[in-house]
A.B. asks: 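Structure provided below as structure tokens; questions to follow.
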Amino acid sequence: MIKKADIILACFLVIAGLALSYFFSFGQSAGDRLDVTCDGELFGSYPLSEDREITVDRDGHLNKITIEDGHVSMSFSDCRGQDCIHQGSISKTGESIICLPNKVILEISGGTRQYDTIAR
């Protein structure tokens with residue numbers, strides 16, 4: 001049987017969850033650089049203020065990265081799952097796109113971070 005205290009507790013948990021979601025999603029700042037890492041080595045660092053297309057062709061794998069209007073997306077990849085392409089675009093500090101089969105990592109840096117560290 002549901003009691004009044006159970007309903008109050010459930011409402012409190014929902015409100016607390018929504019407040020935390022709002023805080024974490026809007027608390028990040030826009031980044032100003034894109035760091036591209038291939039197989040654990042830095043491939044390049046690019047400013048988000050300049051629109052460009054970056055081609056990463058390493059070990060027979062091809063990835064194309066698009067920087068447009070301060071947003072970064074993986075526009076082409078020859079990997080099987082295409083999860084990196086379906087992820088969409090990123091623009092905030094600490095966000096990343098990872099193409100695991102091709103070992104390519106795109107990470108936004110610069111601006112201010114909300115956290116001291118991010119576990120990888």
A.B. asks: At their closest point, which heavy atom of S77 faces which heavy atom of I85, and how far apart are they?
C.D. replies: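 Where S77 meets I85 most closely, the heavy atoms are N-CD1, 3.4 Å.
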A.B. asks: Give the minimum heavy-atom separation between V56 and C38, together with the two atoms involved.
C.D. replies: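 V56 and C38 have their closest heavy atoms at CG1-SG, 3.3 Å.
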A.B. asks: Hey, could you give me each pair passing side chain to side chain donor-acceptor pair (under 3.5 Å) that has a residue in residues 80-89? Not counting sequence neighbours.
C.D. replies: none
A.B. asks: Can you name the nearest heavy-atom pair linking D78 to H61, along with the distance?
C.D. replies: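 Closest heavy-atom pair between D78 and H61: OD2-CA, 3.4 Å.
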A.B. asks: Taking atom CG of L100 as the centre, does the number of heavy atoms from other residues, nucleotides or ligands within less than 6.0 Å exceed 12?
C.D. replies: no
A.B. asks: Working to the nearest 0.5 Å, report the span between CG of L13 and CD1 of I8.
C.D. replies: 12.0 Å
A.B. asks: Minimum heavy-atom separation for C84 and C79, please, with both atom names.
C.D. replies: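 Result for this residue pair: SG-SG, 4.0 Å.
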A.B. asks: What closest approach, in Å, do V72 and I97 show between heavy atoms, and which atom pair accounts for it?
C.D. replies: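 Heavy atoms only, the tightest pair is O-CD1, 3.9 Å.
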A.B. asks: Roughly how far, to the nearest 0.5 Å, is the CZ atom of F76 from the OG1 atom of T55?
C.D. replies: 10.0 Å
A.B. asks: Starting at CD of E68, measure out to OG of S91 and round the result to the nearest 0.5 Å.
C.D. replies: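 E68 atom CD to S91 atom OG measures 13.0 Å (nearest 0.5 Å).
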A.B. asks: Output, in order, the C-alpha distance, side-chain angles, deciding distance and verdict of side chain to side chain contact (heavy atoms under 4.5 Å, CB included) for I54 and L34.
C.D. replies: CA-CA 11 Å; I54 303 159; L34 168 67; 4.2 Å; yes
A.B. asks: Under 3.5 Å, which donor-acceptor pairs do the side chains of residues 43-51 form with other protein atoms, sequence neighbours left out?
C.D. replies:
residue : atom : partner : partner atom : Å
S45     : OG   : R33     : NE           : 3.0
S45     : OG   : R33     : NH2          : 3.4
S45     : OG   : D35     : OD1          : 2.8
E50     : OE1  : R52     : NH2          : 2.8
D51     : OD1  : D69     : N            : 3.0

A.B. asks: Does any part of the side chain of N63, heavy atoms only, come nearer than 4.5 Å to the side chain of M74, both counted from C-beta?
C.D. replies: yes
A.B. asks: Which residues pass the side-chain contact (heavy atoms from CB on, under 4.5 Å) test with D6, not counting sequence neighbours?
C.D. replies: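 Only I2, K3 meet the side-chain contact (heavy atoms from CB on, under 4.5 Å) criterion with D6.
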A.B. asks: Please find the pair of heavy atoms, one from T93 and one from G31, that lie closest to each other, and give the distance.
C.D. replies: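 That closest heavy-atom pairing would be OG1-CA, 3.5 Å.
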A.B. asks: Nearest 0.5 Å please: distance from the NE2 atom of H71 over to the OG1 atom of T66.
C.D. replies: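 Here the interatomic distance stands at 13.0 Å.
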